[in-house]
Amino acid sequence: MTIVVYNTLTRETEPFETLEPGQVRMYVCGPTVYDEAHVGHAMSSIVFDFVRRYLEYRGYQVRHVMNFTDVDDKIIARAHKLGEDPAALANRYVERYQDQLDRLNVRRPTALPRVSQTIDEIIAMIEGLIERGHAYATPSGDVYFRVHTDADYGKLSRRKLEEAVSGTRVTSSEEKLDEGDFALWKAAKPGEPSWDSPWGKGRPGWHIECSAMNMRYLGEQIDIHGGGNDLIFPHHENEIAQTESFTGKPFARYWMHNGMLQLKGEKMSKSLGNLVTIDEFLAEHDADVLRVVIAGSGYRKPLMFNSDVLADGERALERLRSALRPATGDGTAGPAAEQLADHVRAARAAFEAAMDNDFNTAGGLAAIFDLVRAINAARDAGIGGEPFADAQGVFRTLTDVLGLRLAGPEAGEQSIAPFVELLLVVRQDLRKAKQWALSDKIRDELKALGVIVEDSPQGSTWRLAD
RNA sequence: GGCGACGUAGCCAAGUGGCAAGGCAGGGGUCUGCAAAACCCCGAUCGCCGGUUCAAAUCCGGCCGUCGCCUCCA
């Protein structure tokens, strides 16, 4: 079976073939660090974490680069407003975001470059573009990319140059040769962070950083370039123009774009002010909830995000966790054991078939839920031992591809365990004596304290509520 | 205005030519002293109208609706 990937560049699903066998070079656009990151950013990071984890599951070695844009107009504006150093402000959010990624169980990218640490490469690339006639410096010290020199400009966003230009509402600089030309380098204004360059003090434009970082960490050509679909134009369009004009080679083989999170029917964004920050989300929910919700739909489609969806996600997560409850019997043979083994095989095959198809996590998750049912049915049928452990092992392997931790609430569990168990021993005696009122009272009171007691023919079990 | 995406059961949502996954909610049942959990069973002809095809949710055209990009944006 081969993996197929939907490529924004061709608008088609294509077989996945890497530049180097077994090696994947993947670059994903990260955030501009001027403010608190929201769940939309988290979604993008999680989507490409799914991609990475699945490719690794399939045996690829993945070099995964995610950038931080730490030099930018908004960062400067924000820092001025707060009376803070722009670099310090950016640095703070960079560290915050890395911590948030950890808490979201996103595998650390193999490199996390920042614009401020890639200035030399950026300058070198701009010089190269000027030499090749694709860029020009202006008297005031700006450098622009000359869009007309790129014959296939607009191929990613399917925009004709004239259209792209006529739609532009930005006041054009007098010094630009063409409306569509975009800045590679911006001359410094007083009080702004700046670096020395052949064109005087200044700082990089928005798009050149990603081209330079790609080149530095992954080379002239890469396999996967990812990001939110709001970056298709102009960011990724310009990135292609710069890199391909510089190298003369096709840049990324597969352009992958995730859909936007929808909040109250609108895209979640800072400018609309309708956002939920990652910290706010994690204060209320387990990271697994976000992963289950995101995995439950196609990564390219807009994703509904509201309290109903989150509540459904919580319940779905509980159901997933139910598969990890221990066996209650020790049967290892017979029809039930064989049926379990069959279901495990089928679930794994279905999971892979779905994921091979453009990382269809919704289909993969469905296969996992089928496995949950099989495991729970086997437990009910008294299966235990190796067959049961194997099934749970596969379950763990597959849920790990989706980055699910599936840890139940455990805070303080160690310390309360002896007391809860003592209560259950006493309660067991009460039940033997058919003292239902009292034994039910214990169960109800424990529940009120967040301890769920469940009785079964094999005895009573307990666990913490969420 | 230009470019693009989407519209599947109460809700979320897979599936892109051959009898419509999964989750949540709901109903019925098994188990149980009861409760819970788990397990079993139950639901849609896929926005509307035409067309292509032996066959369409899946392809083509039109209409309606929602959303995104065109300005910083995951």
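All chains are named by letter (A, B, ...) in the order of the sequence lines, taking the proteins before the strands, and each is independently numbered beginning at 1.
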| task | Measure distances between side-chain N and O atoms of A:Arg431 and base N and O atoms of B:rG33, and say whether any donor-acceptor pair falls under 3.5 Å. | result |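 Flag set: donor-acceptor pair detected.
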
| said: Using a distance-only criterion (donor-acceptor N/O pair, under 3.5 Å, no hydrogens), is the base of B:rC24 paired with the side chain of A:Arg319? | reply: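 Side chain to base: no pair present.
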
What I want to find out is whether [X] reaches [Y] closely enough, with some N-O distance under 4.0 Å, to be called a salt bridge.
{"X": "A:Asp356", "Y": "A:Arg58", "value": "yes"}
{"X": "A:Arg203", "Y": "A:Asp73", "value": "yes"}
{"X": "A:Asp279", "Y": "A:Arg103", "value": "yes"}
{"X": "A:Asp99", "Y": "A:Arg96", "value": "no"}

Take atom [atom1] in [N] and the same atom in [M], then report the distance between them in whole Å.
{"N": "B:rA9", "M": "B:rG50", "atom1": "C1'", "result": "26 Å"}
{"N": "B:rC70", "M": "B:rU53", "atom1": "C1'", "result": "39 Å"}
{"N": "B:rC48", "M": "B:rC64", "atom1": "P", "result": "16 Å"}
{"N": "B:rC3", "M": "B:rA21", "atom1": "P", "result": "38 Å"}
{"N": "B:rC42", "M": "B:rG68", "atom1": "P", "result": "40 Å"}
{"N": "B:rC41", "M": "B:rA74", "atom1": "C1'", "result": "43 Å"}
{"N": "B:rG43", "M": "B:rG27", "atom1": "C1'", "result": "10 Å"}
{"N": "B:rA56", "M": "B:rC49", "atom1": "C1'", "result": "15 Å"}

Take the protein atom [atom1] of [X] and the nucleotide atom [atom2] of [N], then report the distance between them rounded to whole Å.
{"X": "A:Asn306", "N": "B:rC67", "atom1": "CG", "atom2": "P", "value": "15 Å"}
{"X": "A:Trp436", "N": "B:rG33", "atom1": "CH2", "atom2": "C1'", "value": "4 Å"}
{"X": "A:Gln435", "N": "B:rA35", "atom1": "CD", "atom2": "P", "value": "20 Å"}
{"X": "A:Met304", "N": "B:rA13", "atom1": "CE", "atom2": "P", "value": "5 Å"}
{"X": "A:Asp455", "N": "B:rA35", "atom1": "CG", "atom2": "P", "value": "12 Å"}
{"X": "A:Arg373", "N": "B:rA37", "atom1": "CZ", "atom2": "P", "value": "15 Å"}
{"X": "A:Lys447", "N": "B:rA37", "atom1": "NZ", "atom2": "C1'", "value": "11 Å"}
{"X": "A:Gln262", "N": "B:rA5", "atom1": "CD", "atom2": "P", "value": "16 Å"}

[N] OP1/OP2 closer than 4.0 Å to side-chain N/O of [X]:
{"X": "A:Arg379", "N": "B:rA37", "result": "no"}
{"X": "A:Arg300", "N": "B:rG68", "result": "no"}
{"X": "A:Asn229", "N": "B:rG68", "result": "no"}
{"X": "A:Asn360", "N": "B:rG15", "result": "yes"}
{"X": "A:Thr32", "N": "B:rA74", "result": "yes"}
{"X": "A:Lys301", "N": "B:rG7", "result": "yes"}

| said: Using the six-membered base ring of B:rG23, report whether A:Phe369 stacks on it, requiring centroids under 5.5 Å and planes under 30° apart. | reply: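 No, aromatic ring not over the base.
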
Among [options], which nucleotide sits nearest the side chain of [X]?
{"X": "A:Glu454", "options": "B:rA36, B:rA38, B:rG68", "answer": "B:rA36"}
{"X": "A:Arg427", "options": "B:rA74, B:rG33, B:rG22", "answer": "B:rG33"}
{"X": "A:Arg159", "options": "B:rC70, B:rC24, B:rA74", "answer": "B:rC70"}
{"X": "A:Asp312", "options": "B:rG33, B:rC11, B:rA21", "answer": "B:rC11"}
{"X": "A:Arg315", "options": "B:rC24, B:rC39, B:rA38", "answer": "B:rC24"}
{"X": "A:Pro31", "options": "B:rC24, B:rA74, B:rC69", "answer": "B:rA74"}
{"X": "A:Asp440", "options": "B:rG33, B:rG23, B:rA74", "answer": "B:rG33"}

Heavy atoms only, 4.0 Å cut-off, all strands: where does [X] land among base, sugar-phosphate and nothing?
{"X": "A:Asn357", "value": "sugar-phosphate"}
{"X": "A:Leu231", "value": "sugar-phosphate"}
{"X": "A:Gly226", "value": "nothing"}

For [N], what is the paired nucleotide under Watson-Crick or G-U wobble rules, both distances under 3.5 Å?
{"N": "B:rA9", "result": "none"}
{"N": "B:rU30", "result": "B:rA38"}
{"N": "B:rU16", "result": "none"}
{"N": "B:rA57", "result": "none"}
{"N": "B:rC48", "result": "B:rG62"}
{"N": "B:rC67", "result": "B:rG4"}

| message | Tell me whether the rings of A:Phe16 and A:Tyr254 are parallel (<30°), tilted (30 to 60°) or perpendicular (>60°). | response |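 Taking A:Tyr254 first and then A:Phe16, their aromatic rings sit tilted (interplane angle of 30° to 60°).
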
| Does a donor on one side chain sit under 3.5 Å from an acceptor on the other, for A:Thr243 and A:Asn214? |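 Checked: A:Thr243/A:Asn214 side chains show no N/O donor-acceptor pair below 3.5 Å.
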
| message | Is it the case that the side chain of A:Ser297 and the backbone of A:Leu303 share a donor-acceptor pair, with hydrogens and angles ignored and the cut-off at 3.5 Å? | response |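 No: the side chain of A:Ser297 does not pair with the backbone of A:Leu303.
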
| said: Could you report the tightest heavy-atom contact between A:His235 and A:Cys210, atom names first, then the distance? | reply: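 Looks like NE2-SG, 3.4 Å.
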
